[in-house]
2 protein chains.
Amino acid sequence: MTADNHDRLLNPEEYMPLREVVFLRLRRQILRGELKPGERLMEIGLANRLGVSRTPIREAIRKLEHEGLVVMIPRRGAHVAEITRQELNDVLEVRKSLEVLAITKACGRMTDEDVDELRTEEQAFAARVREQDADPAALGQFDERFHDVIYRGTGNRRLIQILNNLREQMYRFRVEYLKDTEVRETLVKEHDAIIKALEKRDTAEAVRIISLHIDNQFRSINRALDTDGEEAEDGQPQ
Amino acid sequence: MTADNHDRLLNPEEYMPLREVVFLRLRRQILRGELKPGERLMEIGLANRLGVSRTPIREAIRKLEHEGLVVMIPRRGAHVAEITRQELNDVLEVRKSLEVLAITKACGRMTDEDVDELRTEEQAFAARVREQDADPAALGQFDERFHDVIYRGTGNRRLIQILNNLREQMYRFRVEYLKDTEVRETLVKEHDAIIKALEKRDTAEAVRIISLHIDNQFRSINRALDTDGEEAEDGQPQ
DNA sequence: ATATAATGTTTTGTATACAAAGAACATGGA
DNA sequence: TCCATGTTCTTTGTATACAAAACATTATAT
């Protein structure tokens with residue numbers, strides 16, 4: 001908290017209320033798995049840990065609750081939301097529809113400069129993938145930036161917001177499945193195919209690839225849940 | 001608030017925190033247009049009006065903020081969000097994709113009983129439409145229930161949640177465009193066609209109709225904004 | 001008369017206080 | 001030993017207090 005508070009005081013023009021700092025911080029911790037599903041979020045504990053009072057903690061929790069990352073049990077406080085396999089598949093299903101919409105719009109609206117930017121991001125991503133000891137979290141960031149360029153190309157802010165939110169829901173698992181080197185190579189190939197389709201303004205082809213892309217994520221994540229997830233789920237029964 | 005507090009105390013099993021009562025109440029007022037776009041939401045005023053302290057008001061506002069119905073200006077408090085035509089069209093575009101997904105899934109999953117229920121809801125809706133002096137708000141409720149049956153038929157809870165949220169964004173305008181009797185008749189016909197397609201399990205046809213359905217809403221709402229909206233927007237420059 | 005400085009008021013942001021509901025634990029009885 | 005019951009402790013839900021920022025208003029100087 002000290003560091004964030006510092007930033008906050010150093011940049012008075014981008015003032016950010018404590019609740020927002022707390023919100024972003026808790027969210028990051030949940031998405032990174034530092035706060036595990038089922039874990040209790042106790043206000044006083046968090047307040048002490050972050051060096052603020054309960055008020056901003058509570059307000060941050062309200063937003064996390066609305067976002068679905070936190071579940072409230074009446075009179076028993078906040079818990080990090082569990083994600084069942086069913087919910088994850090539900091999210092992916094919705095995401096697939098919206099990714100198709102996004103790539104369709106992007107295909108019709110992206111400028112040549114946008115596509116260039118996309119290729120730049122992709123090269124950065126591919127470079128990281130080649131490194132054997134690449135940090136999966138960092139890899140995730142680059143993948144994110146690639147997709148952000150496409151999202152921006154849609155010109156539909158609500159679509160961007162929802163897609164970002166859906167992607168967040170899977171962040172926790174993405175780190176897991178990005179450990180698989182085979183998955184990484186597939187990602188690079190798919191990104192490349194997407195760029196080529198966008199360059200040719202071939203909407204049908206772009207839609208085809210992005211659908212494959214999501215289906216692969218579907219498989220990868222479910223595979224990760226099958227193997228890695230089993231013990232973890234049992235280990236955290238709450 | 002007295003009434004709500006009363007309910008809350010009468011039904012101790014469905015205990016609801018004050019913040020939740022406030023949240024639902026403010027949301028309803030925003031969606032119904034009782035709180036107009038741009039209007040300031042001042043904490044003390046609301047607290048006095050609703051007979052609670054600032055704390056639950058603030059927590060309710062956090063959720064409204066996250067939902068996009070309220071916009072925060074740092075150190076200047078909460079305002080009811082304006083909706084631009086662009087945003088409205090963005091919402092509709094996303095909704096169209098997801099309604100197509102929903103009807104596709106529903107077509108494959110709904111039981112015959114579900115379809116019967118759908119027809120029941122539709123008959124209730126149609127009956128109301130025939131009444132000349134039907135209350136647009138009540139009509140909206142029936143339309144909502146019709147679509148709820150379809151949404152439930154998808155078996156995808158995340159999809160349901162997002163669709164409900166998107167629909168909410170347009171609630172404010174729906175009341176306007178439901179005043180048009182021609183629109184009402186069209187709605188009935190479309191609902192009927194949807195049911196027929198679902199009965200035949202004709203996914204392609206169902207998708208076709210639901211797309212038309214959304215496109216019509218698109219036109220109706222934009223028409224309402226062209227005529228009715230002009231003065232209202234100017235009248236509320238805030 | 002206009003611009004500007006000073007002052008007071010309102011409103012937000014944050015912290016703290018207090019009551020009540022639940023959970024945990026210990027004590028006593030079968 | 002196991003269960004029931006009462007007591008304590010923790011934690012939430014709500015209210016209030018206080019400081020600082022924004023805003024309005026008045027007074028002052030040019």
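These values consider heavy atoms only, across backbone and side chains, with no hydrogens, waters or symmetry-generated copies. Chain letters run A, B, ... following the sequence lines, proteins first, then strands; residues in each count from 1.
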>> Evaluate B/R25 against B/E34 for salt bridge (Lys or Arg N to Asp or Glu O under 4.0 Å), listing each step before the verdict.
In response: CA-CA 11 Å; B/R25 176 152 176 168; B/E34 296 165 24; over 6 Å; no
>> Please report the distance, rounded to the nearest Å, between CZ in B/R58 and P in C/dT14.
In response: 7 Å
> B/M72 CE to C/dG13 C1': how many Å, rounded?
Replying inline: 10 Å
>> I need the CE-C1' distance between A/M16 and C/dT12, as an integer number of Å.
In response: 17 Å
>> Judged by each residue's nearest nucleotide on DNA chain C, which is more toward the 5′ side, B/T55 or B/M42?
In response: B/M42
> Rounded to the nearest Å, what distance is computed from the CD atom of residue B/E59 to the C1' atom of nucleotide C/dT12?
Replying inline: 16 Å
> Looking at D/dA15, D/dT14, C/dA15, which one has an atom nearest to any side-chain atom of B/V52?
Replying inline: D/dA15
>> Measure CD1/B/I73 against P/D/dA21 and give the value in whole Å, please.
In response: 19 Å
>> Counting the atoms with a prime plus P, OP1 and OP2 as sugar-phosphate, which does A/L41 contact under 4.0 Å by heavy atoms, base, sugar-phosphate, or nothing?
In response: sugar-phosphate
> Roughly, in whole Å, what's the span from CZ in B/R40 to P in C/dT10?
Replying inline: 13 Å
>> So, does A/S53 get its side chain near the phosphate of C/dA15, meaning an N or O under 4.0 Å from OP1 or OP2?
In response: yes
>> Quick test of your reading of the model: are A/R152 and A/D114 salt-bridged, counting only N-O distances below 4.0 Å?
In response: no
> With no hydrogens and no angle check, do the side chains of B/R157 and A/Q86 hold a donor and an acceptor under 3.5 Å apart?
Replying inline: no
> How close or far is atom P of D/dT12 from atom CD1 of A/I61, stated in whole angstroms?
Replying inline: 8 Å
>> Could you tell me how far apart A/Y15 (OH) and C/dT11 (C1') are, to the nearest whole angstrom?
In response: 12 Å
> Nearest nucleotide by nearest heavy atom, which residue falls closer to the 5' end of DNA chain C, A/R76 or B/I44?
Replying inline: B/I44
> How are the rings of A/F125 and A/H191 set to each other: parallel, tilted or perpendicular (split at 30° and 60°)?
Replying inline: tilted
>> Is the phosphate of C/dT14 approached by A/R54 (side-chain N or O, under 4.0 Å from OP1 or OP2)?
In response: no
> So, A/Y151 and A/E99: side-chain donor and acceptor under 3.5 Å apart, yes or no?
Replying inline: yes
